[in-house]
Amino acid sequence: MAQKFQLPTKWLKMSGLEFELDIALPGPILQSILPLLNIYYLERIEETALKKGLSTQAIWRRLWDELMKTRPSSLESVTCWRAKFMEAFFSHVLRGTIDVSSDRRLCDQRFSPLLHSSRHVRQLTICNMLQGATELVAEPNRRVLETLASSLHTLKFRHLLFSDVAAQQSLRQLLHQLIHHGAVSQVSLYSWPVPESALFILILTMSAGFWQPGPGGPPCRLCGEASRGRAPSRDEGSLLLGSRRPRRDAAERCAAALMASRRKSEAKQPARAAPATRVTRRSTQESLRAGGIDPKKELHPPATSHEAPGTKWPPSAPATTSSASPSSSTSASKRAPASSAPQPKPLKRFKRATGKKGARTRQGSGAESEDLYDFVFIVAGEKEDGEEMEIGEVACGALDGSDPNCLGLPALEASQRFRSISTLELFTVPLSTEAALTLCHLLSSWVSLESLTLSYNGLGSNIFRLLDSLRVLSGQAGCRLRALHLSDLFSPLPILELTRAIVRALPLLRVLSIRVDHPSQRDNPAVPGNAGPPSHIIGDEEIPENCLEQLEMGFPRGAQPAPLLCSVLKASGSLQQLSLDSATFASPQDFGLVLQTLKEYNLALKRLSFHDMNLADCQSEVLFLLQNLTLQEITFSFCRLFEKRPAQFLPEMVAAMKGNSTLKGLRLPGNRLGNAGLLALADVFSEDSSSSLCQLDISSNCIKPDGLLEFAKRLERWGRGAFGHLRLFQNWLDQDAVTAREAIRRLRATCHVVSDSWDSSQAFADYVSTM
């Protein structure tokens with residue numbers, strides 16, 4: 001035994017069986033061996049060490065500090081350093097940002113770094129030009145991908161850039177394996193200032209569970225023979241340009257059609273003097289004749305160098321079958337391909353007048369024949385009297401709450417349906433009209449989605465389409481959407497009206513977080529010329545009872561109508577947590593009306609939070625809250641509570657808290673409490689108090705070391721014992737470090753103290769420099 005301890009290298013080269021037998025060493029010897037092992041053997045011996053009462057966390061933490069050389073976020077609580085190290089190690093090896101041969105603790109020819117660490121990966125981030133996607137789907141890493149499929153839960157995309165077709169094909173296979181055949185339940189996209197439409201639509205459709213093998217891609221061995229190239233349905237075939245064109249899944253063609261629509265509308269826009277209107281063939285021909293132009297020549301432009309006159313589509317080209325309805329034939333005869341290069345056009349482009357329905361002309365390949373959207377045709381509705389509707393007008397039809405198929409979008413049933421994710425997050429990913437419509441089209445049937453986060457996506461008026469799709473989703477059997485987080489710079493609706501619309505559309509929602517930073521003038525429905533939101537989205541009728549349990553609202557500047565907020569609160573009888581950020585009311589009476597509504601209608605409310613609100617003139621309303629015997633936690637963050645009459649208000653506040661036996665937590669950061677206010681609060685813990693307060697947050701309150709020391713002495717004198725947590729962040733404790741340490745030492749005898757080493761002088765200098 002001693003010989004093995006002296007020769008750890010020979011010991012490490014033992015076979016697997018000898019290794020398992022030999023790890024049954026006495027605890028002290030094993031403890032001295034652990035620091036000598038590389039990460040692979042250290043990971044293997046973890047369970048045996050735990051059985052002997054030995055922890056390897058300190059070793060993994062030291063490895064993190066020495067090899068990763070990054071400090072975890074202060075907000076992150078690391079429960080297992082082994083898992084954290086292995087997950088980061090996997091990402092670095094995959095991206096090629098770490099050299100395993102540079103350190104003996106990372107290098108061992110018996111082990112594959114990716115395979116050995118893959119089972120610890122719970123979260124994988126793909127950045128820039130999809131680095132790592134091609135490597136993971138390669139045949140040598142098949143076992144790595146299989147392990148990831150069972151261990152990975154969260155897939156993140158950060159700072160994506162434009163990628164080539166090969167990288168997107170690899171990503172398609174990766175998402176198919178990790179989502180459709182794996183355990184990934186959350187997909188998050190971060191910081192994508194200029195999203196690439198094809199890549200964005202690919203991620204969305206795969207996340208929603210839709211998939212078809214890419215053009216020329218290998219068949220999925222997990223899907224079996226069913227996935228080896230399904231023949232397109234009748235509707236699917238009618239949306240393809242020809243038999244030689246690669247077939248895309250339905251949602252990709254949806255976005256492609258919308259992209260082509262935007263290209264046509266942008267090409268026409270400079271020549272327009274008024275919004276698009278319907279134009280009949282008869283009125284068009286009459287206007288052309290009045291101008292001395294032969295309508296036949298105008299409506300039949302000469303053939304280009306890529307197209308011979310009179311050429312027809314080959315039989316393999318899509319065409320409506322004999323069983324198709326007349327309306328479908330009419331719509332199919334009106335398709336016009338998106339031009340590959342902008343050409344001078346008249347005010348409006350009209351379809352070619354054909355003597356027979358269904359006759360088509362072929363457009364030759366242009367300079368952009370390889371582009372994803374070159375093969376797409378736009379299907380516009382045609383009325384019986386021969387009127388043709390503009391593409392832009394059709395797209396705007398989604399605002400009235402009609403079915404998405406009115407846009408000419410293909411049916412999603414054309415693709416195979418697989419497992420989908422339950423959490424989708426889009427942070428700072430601007431959504432164009434095409435992307436927003438595609439997202440809404442997917443959401444309308446995404447019943448497995450449980451949480452949706454849309455943060456700073458520039459939705460604008462597309463928020464109405466989102467509400468329509470959420471309303472459709474809510475009516476689907478088995479809808480699981482219970483959490484919605486929505487934030488943006490501007491909104492076409494006032495935030496309270498938007499909240500009412502969301503609650504009406506999703507009555508089963510449990511968590512709603514909504515924030516609008518600035519009131520929008522451009523998208524304001526009151527602006528002349530703006531049609532405003534559809535009537536079914538905004539209404540004066542009462543909100544039906546909902547299941548909302550948590551409501552967080554961040555308001556733009558400006559007074560908010562209290563009755564609208566009260567109407568939401570009255571319909572939310574199950575509300576347990578309410579947070580209002582930067583809310584401004586016209587008068588203290590309006591704020592009192594909100595609080596009275598909470599007391600009467602929200603009896604289950606436990607947590608109430610106010611942030612960045614001027615409550616200096618609402619002291620009586622604050623006392624009303626502190627006397628509420630149902631609330632367990634109240635937060636007044638940067639609310640200027642003690643700006644007026646502090647000498648009179650503090651004793652009243654303390655008296656209210658001493659008589660409240662249900663309040664467990666009080667958070668008062670950023671209210672300029674000072675030493676005097678802190679000493680007044682100490683009376684809450686006196687012997688004659690009925691308070692059961694166990695959490696107190698007095699961060700950013702200009703507290704000095706001598707005041708904190710006196711506060712600690714009073715707690716000791718009253719002998720209340722430990723009362724929980726005390727937060728002291730960003731106070732002026734650096735002015736006397738010795739006194740501050742003594743105060744914290746005394747406080748730790750009665751509570752758990754959380755503080756920091758904050759430089760108040762530097763913070764003050766930074767504040768003055770920004771004035």
Side-chain angles (χ1 to χ4, degrees), residues 91 94-95 121-134 136 148 152-164 167-180 182-211 249 251-252 254-255 258-259 372 419-443 446 448-460 462-463 465-466 469-470 481 483-489 513-515:
S91 299
L94 182 64
R95 300 172 194 164
V121 180
R122 300 294 181 267
Q123 175 179 297
L124 178 63
T125 302
I126 298 178
C127 303
N128 301 332
M129 300 182 69
L130 306 180
Q131 287 93 338
T134 303
L136 286 176
L148 282 179
L152 192 65
H153 295 159
T154 302
L155 188 60
K156 295 185 177 182
F157 297 89
R158 288 186 182 271
H159 311 293
L160 292 184
L161 304 175
F162 289 95
S163 57
D164 55 18
Q168 292 190 21
Q169 179 62 24
S170 299
L171 180 64
R172 178 190 294 269
Q173 299 178 31
L174 179 65
L175 294 178
H176 181 57
Q177 179 106 4
L178 296 181
I179 297 178
H180 301 164
V184 170
S185 59
Q186 175 177 335
V187 171
S188 304
L189 283 80
Y190 296 85
S191 302
W192 199 358
V194 186
E196 183 181 359
S197 297
L199 181 57
F200 180 74
I201 298 304
L202 173 63
I203 296 174
L204 275 187
T205 53
M206 300 289 284
S207 300
F210 295 98
W211 181 77
D249 58 10
E252 284 186 3
C254 155
L258 293 169
M259 178 65 76
L372 175 63
R419 175 186 175 274
S420 58
I421 63 172
S422 59
T423 301
L424 176 65
E425 298 179 338
L426 304 179
F427 295 96
T428 322
V429 181
L431 297 181
S432 62
T433 300
E434 297 80 27
L437 282 174
T438 305
L439 174 63
C440 295
H441 197 37
L442 293 170
L443 285 176
W446 202 333
S448 66
L449 192 64
E450 299 177 4
S451 176
L452 174 63
T453 299
L454 300 175
S455 179
Y456 297 98
N457 305 117
L459 286 173
N462 290 319
I463 189 67
R465 298 183 175 101
L466 177 66
S469 63
L470 293 178
L481 186 61
L484 176 61
H485 305 268
L486 182 64
S487 58
D488 219 329
L489 289 174
S513 176
I514 181 170
R515 170 181 292 275

Colleague: Can you tell me how far CD1 of Ile126 sits from CD of Gln131, rounded to the nearest 0.5 angstrom?
Modeller: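 Answer for the CD-CD1 pair, Gln131 versus Ile126, is 9.5 Å.
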Colleague: Holding to side-chain contact (heavy atoms from CB on, under 4.5 Å), I want the full list of residues that pass it with Gln186, two or more places apart in sequence or in another chain.
Modeller: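 With neighbours one apart ignored, the set is Thr154, Ser188, Thr423, Glu425.
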Colleague: Which residues pass the side-chain contact (heavy atoms from CB on, under 4.5 Å) test with Arg158, not counting sequence neighbours?
Modeller: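 Checked Arg158 against side-chain contact (heavy atoms from CB on, under 4.5 Å); matches are Thr125, Cys127, Lys156, Tyr190.
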Colleague: Nearest 0.5 Å, please: how far is CG in Leu171 from OG1 in Thr134?
Modeller: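 Going from OG1 on Thr134 over to CG on Leu171, the span is 9.0 Å.
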Colleague: Looking only at heavy atoms, which two atoms of Pro195 and Pro430 are closest? And how far apart?
Modeller: CG-O, 3.3 Å
Colleague: Nearest 0.5 Å, what's the CG-CG distance between Leu484 and Leu454?
Modeller: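 That separation rounds to 7.0 Å.
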Colleague: Which heavy atom of Phe200 sits nearest a heavy atom of Leu431, and at what distance?
Modeller: CZ-CD2, 3.4 Å
Colleague: Distance from Leu426 atom CG to Leu204 atom CG, nearest 0.5 Å?
Modeller: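 Reported to 0.5 Å precision, the distance equals 6.5 Å.
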Colleague: Supply the atom-to-atom distance Leu124 CG to Leu174 CG, rounded to the nearest 0.5 angstrom.
Modeller: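 It is 7.5 Å, given to the nearest 0.5 Å.
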Colleague: My understanding is that only residues two or more places apart in sequence, or in another chain, count here; which of them pass side-chain hydrogen bond (donor to acceptor under 3.5 Å, both in side chains) with Thr428?
Modeller: none
Colleague: What's the spacing between Leu148 CG and Arg122 CZ if we round to 0.5 Å?
Modeller: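 If I round to the nearest 0.5 Å, the distance is 10.0 Å.
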Colleague: Report yes if the side chains of Trp192 and Leu199 come closer than 4.5 Å at any heavy-atom pair, otherwise no.
Modeller: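 Side chain of Trp192 against side chain of Leu199, heavy atoms only: contact under 4.5 Å found.
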Colleague: Is it true that a side-chain atom of Arg172 and a backbone atom of Met206 form a donor plus acceptor pair closer than 3.5 Å?
Modeller: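 Not at all, since once roles are kept as given, no pair shorter than 3.5 Å links the two residues.
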Colleague: Going by side-chain contact (heavy atoms from CB on, under 4.5 Å), Ile201 matches just one of Leu439, Leu442, Thr438. Which one?
Modeller: Thr438
Colleague: Counting N and O atoms only, with roles assigned by atom type, does the side chain of Asn128 sit under 3.5 Å from a partner on the main chain of Leu161, one being a donor and the other an acceptor?
Modeller: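 No, because the side chain of Asn128 does not come within donor-acceptor range (under 3.5 Å) of the backbone of Leu161.
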Colleague: I'd like to check the side-chain hydrogen bond (donor to acceptor under 3.5 Å, both in side chains) partners of Ser455; sequence neighbours left out, ordered by chain and number.
Modeller: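 Checked Ser455 against side-chain hydrogen bond (donor to acceptor under 3.5 Å, both in side chains); matches are Ser487.
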Colleague: Taking all non-hydrogen atoms of both residues into account, name the closest pair between Gln168 and Leu202 and its distance.
Modeller: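 Nearest heavy atoms, Gln168 then Leu202: O-CD2, 3.6 Å.
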Colleague: Determine, step by step, whether Asn462 and Asn457 satisfy the side chain to side chain contact (heavy atoms under 4.5 Å, CB included) criterion, reporting the C-alpha distance in whole Å, the side-chain angles of both residues, the deciding distance to 0.1 Å, and the verdict.
Modeller: CA-CA 10 Å; Asn462 290 319; Asn457 305 117; over 6 Å; no
Colleague: Going by the rule side-chain contact (heavy atoms from CB on, under 4.5 Å), which residues pair with Ser207 if we only count those two or more places apart in sequence or in a different chain?
Modeller: Ile179, Val187, Ile203, Ile421, Trp446
Colleague: Please check this pair: side chain of Ser422 against backbone of Ser185, looking for a donor-acceptor N/O pair closer than 3.5 Å.
Modeller: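 Side chain of Ser422 to backbone of Ser185, a donor-acceptor pair under 3.5 Å: yes, one is there.
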Colleague: Not counting sequence neighbours, which residues clear side-chain contact (heavy atoms from CB on, under 4.5 Å) with Ala167? List them please.
Modeller: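 In terms of side-chain contact (heavy atoms from CB on, under 4.5 Å), with neighbours along the sequence ignored, Ala167 is linked to Leu130, Ser163, Asp164.
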Colleague: Set out, in order, the CA-CA distance, both residues' side-chain angles and the distance that settles side chain to side chain contact (heavy atoms under 4.5 Å, CB included) for Leu160 and Glu196, then state yes or no.
Modeller: CA-CA 9 Å; Leu160 292 184; Glu196 183 181 359; over 6 Å; no
Colleague: Could you tell me how the ring of Trp211 sits relative to the ring of His180: parallel (under 30°), tilted (30 to 60°) or perpendicular (over 60°)?
Modeller: perpendicular
